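Remarks on the structure that follows.
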Amino acid sequence: MANIEQIIQQISDTVWEIPVSYKEGMRVPARIYATEKLMREMDDGVYDQVTNVATLPGITKYALCMPDGHFGYGFPIGGVAAMDVEAGGVISPGGIGFDINCGMRLVVTNLTYKDVGAYIKKLVDRLYERVPAGVGSTGFVKISRQEFRQVVEQGSQWCIRNGYGWEEDLDLTEENGCIEGADSSKISEKAIDRGFNQIGTLGSGNHYLEIQVARKQDFFDPELAATFGITQPDQVVVMFHCGSRGFGHQVATDYLQVFLKVMESKYGIKILDRELACAPFNSPEGQAYFTAMKCGLNMSFANRQVILHRIREVFSEIFGTDAQDLGMRVVYDIAHNTAKLERHMVDGVERNLLVHRKGATRAFGPNMADVPQKYQTVGQPVIIGGSMETGSYLLVGVSSGEQSFFSTAHGSGRSMSRTKARKTWQGEKLQKDLENRGIYIRSTSWSGLAEEAGGAYKNIDDVIEAAELAGISKKVVRLSPIGNIKG
DNA sequence: ATGTCC
């Protein structure tokens with residue numbers, strides 16, 4: 001294995017390639033999307049992991065890493081890998097993440113900072129009371145384990161039927177909030193046990209709920225922003241980031257064990273890192289995991305749907321009018337930890353690919369199937385959550401995204417370990433500093449807050465710049481935090 | 001990410 005700096009090739013301002021000669025077993029080159037600055041800061045683990053991914057059976061074109069990439073479990077966070085399922089392609093939990101359907105939802109209001117500023121503490125405090133956060137938190141939706149099996153099969157559609165949201169929310173959720181083919185018979189009792197009381201909860205780590213403002217100077221494409229519902233300067237929006245909680249975690253754990261048992265003995269697959277455990281997509285084990293994983297997707301859509309219901313209730317209480325009057329419409333809800341069967345052109349031929357996106361956001365361009373009717377001609381909204389101190393972005397998918405299987409970044413991407421961040425910042429002081437800078441934060445854990453300090457992340461503007469220059473997504477509007485609830 | 005080690 002040669003020295004990485006000597007072998008890495010710069011393809012363009014934002015694309016870097018590690019050829020198959022780098023490591024024995026690589027089936028395709030690895031490509032990293034980043035500016036020169038981001039490359040200098042890139043976690044060395046990314047090169048090792050993305051080239052390991054390049055050895056997996058069925059991988060097509062490239063093993064990819066997005067500009068916010070960093071070291072993860074098996075795959076880098078920011079990893080994208082498309083497996084040809086008709087050519088022995090595998091499915092790998094490490095390419096999806098433990099938190100199945102970790103994702104983002106963005107909601108607009110017709111309020112501006114002028115309306116909200118004076119109420120920000122009250123709003124954040126009330127949201128903190130009503131949206132359970134932190135490790136092991138449980139929700140207010142009291143259902144049986146049997147009913148929970150319906151939730152994981154029906155996703156957000158279960159929520160709407162039970163009064164947690166509006167019919168139109170479904171049109172603005174990926175897969176209409178319910179992915180087809182989820183079957184809870186593939187789910188362990190243990191996963192059900194961990195999940196049945198966690199609907200409507202935020203979780204911990206980098207999961208959060210944020211009140212944000214679209215500042216006048218941060219509209220990059222005002223017309224597109226308006227199409228997505230952000231029509232005026234200083235408009236207030238709510239963005240939140242969470243996943244499938246203990247449920248998804250247990251699904252991933254269960255199937256990693258299954259895959260480790262059969263991978264080599266039954267399928268003859270040898271991998272460089274046991275965290276890349278996988279099975280052929282077209283195998284009983286691969287199909288069982290795919291089906292179970294879909295239950296995780298649905299749990300997460302339902303989770304975010306119930307959280308939205310609570311957010312609408314709180315705004316409605318504080319501003320004394322119902323959420324319809326406050327214009328609290330969903331812009332979009334999109335996963336960034338998932339694997340989906342999609343058809344993509346590969347060297348002029350349309351192929352059936354299982355696209356793993358792990359800390360990477362699907363970014364479908366204009367006129368593609370699965371983009372909501374409302375946005376068909378402009379492309380899919382892409383929601384990128386930055387750190388609590390800096391800001392977040394609403395982007396849109398573009399036609400040139402074909403190069404990355406229509407995938408882009410998902411966030412800032414950590415640049416410092418949680419351990420080091422805890423030593424560098426003090427949660428309580430950070431909270432006060434941020435309050436002085438106009439960002440009011442509530443958190444369940446001071447140490448957890450320190451781990452999420454803005455300085456522990458890459459610069460979000462750099463990440464977005466790289467994604468835009470590379471032509472894998474386009475800026476619409478930047479969103480700045482004024483209030484935040486952290487797990 | 002995660003009942004942050006059954």
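Note: hydrogens, waters and symmetry copies are ignored here, and every other heavy atom, side chains too, is used. Per chain, numbering begins at 1; letters A, B, ... match sequence-line order. Computed from a predicted model, the values in this text were never measured in an experiment.
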Give me, pair by pair, the N or O atoms of the protein and of nucleotides 4-6 of chain B that are less than 3.5 Å apart, along with how far apart they are.
none

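- Residue pairs that meet the salt bridge (charged side-chain N to carboxylate O under 4.0 Å, His left out) test with at least one member in residues 288-300 of chain A, sequence neighbours left out, do not exist here.
- Scanning for side chain to side chain donor-acceptor pair (under 3.5 Å) contacts around A/Thr201 gives A/Arg245, with sequence neighbours left out.
- Nucleic acid contact class of A/Arg418 (heavy atoms, under 4.0 Å, all strands): sugar-phosphate only.
- With sequence neighbours excluded, the residues satisfying ring-ring contact (aromatic ring centres under 6.0 Å, His included) with A/Phe228 are A/Tyr375.
- Taken residue by residue, residues 185-194 of chain A places heavy atoms nearer than 4.0 Å to DNA chain B at A/Lys190, A/Arg194.
- Nucleic acid contact for A/Gly248: none, since no nucleic acid atom lies under 4.0 Å from a heavy atom of the residue.
- Partners of A/Phe196 under the ring-ring contact (aromatic ring centres under 6.0 Å, His included) rule, at least two apart in sequence or in another chain, do not exist in this structure.
- Nucleic acid contact for A/Gly246: sugar-phosphate only, since backbone atoms but no base atoms lie under 4.0 Å from a heavy atom of the residue.
- Residues satisfying the side chain to side chain donor-acceptor pair (under 3.5 Å) test with A/Asp169, not counting sequence neighbours, are A/Gln305, A/Arg312.
- For DNA chain B, no neighbouring residue in residues 287-298 of chain A is found when judged by any heavy atom under 4.0 Å.
- Residue contacts shown for A/Glu451 are absent, as no nucleic acid heavy atom lies under 4.0 Å away.
- The residue A/Gly205 sits close only to the backbone: its heavy atoms come under 4.0 Å of sugar-phosphate atoms, none of a base.
- Evaluated for a salt bridge (Lys or Arg N to Asp or Glu O under 4.0 Å) with A/Glu285, the options A/Lys186, A/Lys266, A/Lys261 yield exactly one hit, A/Lys266.
- With A/Ser407 as the partner, the side chain to side chain donor-acceptor pair (under 3.5 Å) test is satisfied by one option alone out of A/Arg362, A/Arg357, A/His336, A/His356: A/Arg357.
- Contacts classified as ring-ring contact (aromatic ring centres under 6.0 Å, His included) and involving residues 437-459 of chain A (residues at least two apart or in different chains) are not found.
- Applying the salt bridge (charged side-chain N to carboxylate O under 4.0 Å, His left out) test to every pair with at least one member in residues 475-487 of chain A, sequence neighbours left out, gives these pairs: A/Asp461-A/Arg478.
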Taking only distance into account, with no hydrogens and no angle test, what donor-acceptor pairs under 3.5 Å do side-chain atoms of residues 63-80 of chain A form with protein atoms, sequence neighbours excluded?
unit_1, atom_1, unit_2, atom_2, d
A/Asp68, OD2, A/His410, N, 2.9
A/Asp68, OD2, A/His410, ND1, 2.5
A/Asp68, OD2, A/Gly411, N, 3.0

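- Straight-line distance from the CZ atom of A/Phe98 to the C1' atom of B/dT2: 9 Å, rounded to whole Å.
- Looking at residues two or more places apart in sequence or on another chain, you find a side chain to side chain donor-acceptor pair (under 3.5 Å) between A/Lys121 and A/Glu435.
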